[in-house]
Undergrad: 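The structure that follows is given in the form of structure tokens.
Residues take their numbers from the sequence shown, with the count starting at 1.
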Amino acid sequence: MQTNNHKIVDYDLVLDAKFGKEGTVERAQAEEAAYSFYSGQILQDARKEAKVTQEELARRTNTTKSYISKVENGVITPSVGVFYRFINALGLRLEVVKPIY
């Protein structure tokens with residue numbers, strides 16, 4: 001791993017050193033935790049942009065404020081069904097797009 005003024009040259013080496021090589025259980029767990037955190041941040045940003053409190057989102061989605069907080073903080077990952085309820089409750093839509101190669 002080489003760095004130059006704290007600029008990472010090869011990020012894969014950093015991930016390998018910290019979480020294990022790609023394909024290992026440790027790396028998969030780290031990636032899952034990162035996805036949970038990132039998804040939670042997206043939900044929190046969308047909720048705040050919509051000016052909806054955690055309490056209100058919980059009411060709209062038949063969950064609890066505590067559950068919303070845990071999702072936003074990456075502690076838990078909602079099921080697909082609950083995720084879609086969040087999307088709908090915030091007036092958003094989810095679009096899956098196939099990349100063009």
Side-chain angles (χ1 to χ4, degrees):
M1 167 177 50
Q2 295 181 358
T3 61
N4 182 10
N5 295 328
H6 302 287
K7 294 180 181 176
I8 297 171
V9 175
D10 189 339
Y11 199 66
D12 284 328
L13 290 177
V14 174
L15 292 174
D16 289 351
K18 186 162 182 154
F19 302 111
K21 296 275 185 193
E22 183 111 16
T24 63
V25 171
E26 295 82 8
R27 182 71 166 263
Q29 289 172 337
E31 288 173 348
E32 189 66 28
Y35 291 141
S36 291
F37 176 79
Y38 182 62
S39 298
Q41 292 301 295
I42 290 170
L43 174 64
Q44 184 180 54
D45 290 347
R47 179 183 60 75
K48 287 181 176 181
E49 186 175 312
K51 296 180 176 33
V52 174
T53 65
Q54 287 181 338
E55 293 89 353
E56 178 60 19
L57 182 59
R59 187 191 65 73
R60 292 180 186 181
T61 57
N62 197 30
T63 60
T64 64
K65 179 184 179 287
S66 174
Y67 183 81
I68 302 296
S69 177
K70 288 176 183 176
V71 170
E72 288 184 353
N73 288 297
V75 175
I76 58 175
T77 304
S79 68
V80 173
V82 173
F83 179 75
Y84 275 100
R85 289 191 342 235
F86 290 154
I87 296 298
N88 289 330
L90 293 171
L92 303 172
R93 72 175 189 180
L94 183 66
E95 196 171 285
V96 178
V97 180
K98 185 176 181 181
I100 300 172
Y101 293 101

Undergrad: Could you measure the distance from the OG1 atom of Thr24 to the CZ atom of Phe19? Nearest 0.5 Å is fine.
TA: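 Thr24 OG1 to Phe19 CZ: 10.5 Å, rounded to 0.5 Å.
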Undergrad: Quick check on the hydrophobic clustering: are Ile76 and Leu43 connected, directly or via other members, by side-chain heavy-atom contacts under 4.5 Å?
TA: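 Same hydrophobic cluster.
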Undergrad: Working to the nearest 0.5 Å, report the span between OG1 of Thr77 and CZ of Phe37.
TA: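 Going from the OG1 atom of Thr77 to the CZ atom of Phe37 covers 12.5 Å.
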Undergrad: Is the side chain of Glu72 donor-acceptor paired with the backbone N or O of Gln41 at a distance under 3.5 Å, no angle test?
TA: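 Not at all, since once roles are kept as given, no pair shorter than 3.5 Å links the two residues.
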Undergrad: How close do Thr64 and Ala58 get, counting heavy atoms only, and between which atoms?
TA: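 Taking every non-hydrogen atom into account, C-CB, 3.4 Å.
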Undergrad: Test of understanding: clusters of I, L, V, M, F, W, Y form through side-chain heavy atoms closer than 4.5 Å, transitively. Do Ile42 and Tyr84 belong to the same one?
TA: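 The answer is no; the residues belong to distinct hydrophobic clusters.
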Undergrad: Near Tyr67 OH, under 6.0 Å, is it more than 12 heavy atoms from other residues, nucleotides or ligands?
TA: yes
Undergrad: Does Ser69 reach the main-chain N or O of Lys65 with its side chain, forming a donor-acceptor pair under 3.5 Å?
TA: no
Undergrad: Between Arg27 and Glu31, does at least one N-O distance fall below 4.0 Å, as a salt bridge requires?
TA: yes
Undergrad: Kindly give the heavy-atom pair with the smallest separation between Arg85 and Thr63, and that separation in Å.
TA: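 Scanning both residues, the minimum pair turns out to be NH2-CG2, 3.6 Å.
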Undergrad: Hydrophobic clustering (ILVMFWY, side-chain heavy atoms < 4.5 Å, transitive) - are Tyr35 and Val25 grouped together?
TA: no
Undergrad: Measuring only between side-chain heavy atoms, which start at C-beta, is Leu57 closer than 4.5 Å to Leu90?
TA: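 Side-chain contact under 4.5 Å: yes.
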Undergrad: According to a hydrophobic-cluster definition based on side-chain heavy atoms being under 4.5 Å apart (Ile, Leu, Val, Met, Phe, Trp, Tyr only), do Ile68 and Val52 belong together?
TA: yes
Undergrad: Pair Arg60, Glu56 - check salt bridge (charged side-chain N to carboxylate O under 4.0 Å, His left out), show working.
TA: CA-CA 6 Å; Arg60 292 180 186 181; Glu56 178 60 19; 2.9 Å; yes
